[in-house]
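Here's the structure, in structure tokens; my notes come after.
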Protein chains: 2
Amino acid sequence: MKVLVADDDGDLRDLVAFTLTQAGYLVIKVPDGPTALKRFEEESPDLVVLDINMPGLSGFQVCEAIRKRSAVPVIMLTVRGEEEDLVRALGLGADDYLNKPFSPRTLLARLKALLRRAGVESSAPLSSGRIRLDLEEYTVRVGGGEPVQLTKLELRLMQMLLANAGHTVNSDRLLAQVWGHRSGGDRALLKQLVHRLRQKVEIDPAAPVLLLTSAAGYKLIAD
Amino acid sequence: MKVLVADDDGDLRDLVAFTLTQAGYLVIKVPDGPTALKRFEEESPDLVVLDINMPGLSGFQVCEAIRKRSAVPVIMLTVRGEEEDLVRALGLGADDYLNKPFSPRTLLARLKALLRRAGVESSAPLSSGRIRLDLEEYTVRVGGGEPVQLTKLELRLMQMLLANAGHTVNSDRLLAQVWGHRSGGDRALLKQLVHRLRQKVEIDPAAPVLLLTSAAGYKLIAD
DNA sequence: GGGGCCGGTCACAAAGCGGTTACAGGCTCA
DNA sequence: TGAGCCTGTAACCGCTTTGTGACCGGCCCC
């Protein structure tokens with residue numbers, strides 16, 4: 001589980017990094033906006049912590065840029081009382097915020113909640129019922145069968161569905177989580193991806209029993 | 001469970017509405033004081049969220065007006081540090097307040113606490129009497145019967161009627177809520193939709209006992 | 001009694017959506 | 001550079017949902 005921490009205040013950055021490292025996360029520290037974007041590309045972290053005031057590019061700009069290509073959870077660090085900042089941050093797609101100063105405990109709690117919501121459960125081979133996902137190997141196994149190789153998008157979709165096994169996941173949410181926020185017509189993409197995934201995991205792709213269509217979206221039946 | 005949200009800041013209004021909708025509440029959004037009062041009369045919501053600074057009528061004035069005719073729980077949105085505002089709001093009968101900026105989680109927690117305190121059954125926002133709506137699966141269950149699959153429009157209609165269970169909902173309002181604002185002749189659509197819904201939920205669609213026609217519109221009998 | 005209005009019902013047309021197939025562009029890697 | 005895979009796009013099919021028009025019967029008012 002990788003977390004990118006961007007803050008120009010060295011002390012605060014170290015505090016955050018220390019807290020997260022202690023909790024078992026792999027932390028990437030950067031001191032400014034441009035570096036944040038660069039490392040984001042290189043590392044594709046599972047979560048981003050962004051200070052608003054940074055040299056080079058503000059946290060807003062970084063957030064916006066990240067949102068253009070990813071739905072990764074973003075936490076913004078704000079100064080208490082600057083509510084326009086907050087509104088702006090949430091408008092740009094930040095998922096949560098923390099007022100400075102904050103306690104390490106609070107940070108951890110929020111971060112875990114966000115990761116849970118995003119379905120990026122930390123324990124490695126994610127599994128539910130008879131479905132087991134291996135995030136490192138990019139494979140799924142159904143029941144006692146052979147592991148099946150997945151692509152990056154297929155894995156993300158599977159992960160989201162698995163995190164919500166047994167419950168319908170809204171198409172829009174899937175779209176946002178798998179591709180990141182994008183414009184309209186992308187239902188077709190989801191349709192395609194589901195089709196491809198079914199070809200791989202269903203015994204009879206024409207009569208799915210695992211990955212079902214539901215009125216509002218799709219759901220995974222894991223047991 | 002219906003919540004009226006009044007705030008002139010569109011972003012914040014959307015954020016609040018999003019949070020509450022996610023949590024299963026039916027949200028009515030208004031941008032200013034006069035509209036808030038108007039919709040309050042029309043919808044009789046179960047709870048009101050009021051910003052203090054609004055064009056037309058301030059949150060104070062709206063709160064005062066509401067208190068003259070109803071004991072509905074009211075949450076005021078205040079700016080941190082403006083203690084006079086706070087005192088005044090509570091003096092006018094507001095039940096709780098939130099300092100801006102606030103987290104969606106906090107809002108939900110306070111709101112639930114208030115509803116619980118007000119004795120409005122809050123646990124399952126989408127059920128009333130023997131009717132239970134599942135927004136995730138797009139189904140209704142009546143009494144102990146099997147869940148019935150609904151379409152998107154049928155679900156929206158059901159949600160509106162359920163939020164007003166026992167009371168007649170005006171046809172025009174149903175039209176506006178289910179289809180969004182459109183031109184005149186759409187009575188026919190509502191007629192059709194009601195017909196289709198009755199086919200699905202009534203034991204004898206020709207002699208409805210749940211979804212009744214009333215002078216000005218329709219009403220749901222949930223008990 | 002007759003006409004108009006309104007809600008319920010029916011039948012059919014139009015639009016939308018999911019599943020499928022096919023293909024093209026881009027990327028990686030040999 | 002070329003093969004192979006991944007991803008995005010378009011087109012088609014069939015089914016479901018939604019919209020529209022027509023008809024019927026009750027009710028009210030003239």
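Lettering of chains follows the sequences in order, A, B, ..., and the numbering in each one begins at 1.
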Please tabulate, one pair per line, all N/O donor-acceptor pairs under 3.5 Å involving side-chain atoms of residues 211-223 of chain B, not counting sequence neighbours.
from: B/T213; atom 1: OG1; to: B/R198; atom 2: NH2; distance (Å): 2.9
from: B/S214; atom 1: OG; to: B/T168; atom 2: OG1; distance (Å): 2.8

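In this structure, the side chains of A/Y25 and A/K2 stay at 4.5 Å or more apart for every pair of heavy atoms. In this structure, A/K112 and A/L107 have side chains that are not in contact, with every pair of non-hydrogen atoms separated by 4.5 Å or more. Side-chain contact check for A/L153 versus A/V178: some heavy-atom pair is nearer than 4.5 Å.
Between A/Y218 and C/dG19 there is a side-chain polar atom (N or O) within less than 4.0 angstrom of OP1 or OP2.
Considering only the side chain of A/R187, C/dG18 comes nearest among C/dT20, C/dA11, C/dG18.
Between the CD atom of A/Q192 and the P atom of C/dG19 there is a distance of 11 Å, rounded to whole Å. If you take NZ of B/K191 and C1' of C/dT9, they are 9 Å apart, rounded to a whole angstrom. Straight-line distance from the CE atom of B/M158 to the C1' atom of D/dT17: 18 Å, rounded to whole Å. Taking atom CD on A/Q199 and atom P on C/dG19, their separation rounds to 12 Å, with Å as the unit. In this structure, the CG atom of B/L155 is 14 Å from the C1' atom of D/dT17, given to the nearest Å. A straight line from CG of A/L190 to C1' of D/dG8 spans 13 Å, rounded to a whole angstrom. Residue A/D204 contributes atom CG, which lies 14 Å from atom P of C/dG19 at whole-angstrom precision. The NE2-P distance, from B/H195 to C/dC12, rounds to 15 Å in whole Å.
In this structure, B/F102 CZ and B/L108 CG are separated by 10.5 Å, a value rounded to the nearest 0.5 Å.
With sequence neighbours excluded, the residues that form a side chain to side chain donor-acceptor pair (under 3.5 Å) with B/D14 are B/K29.
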Report each atom pair, protein N/O against N/O of nucleotides 3-7 of chain D, whose distance is under 3.5 angstrom.
from: D/dT7; atom 1: OP2; to: A/T151; atom 2: OG1; distance (Å): 2.5

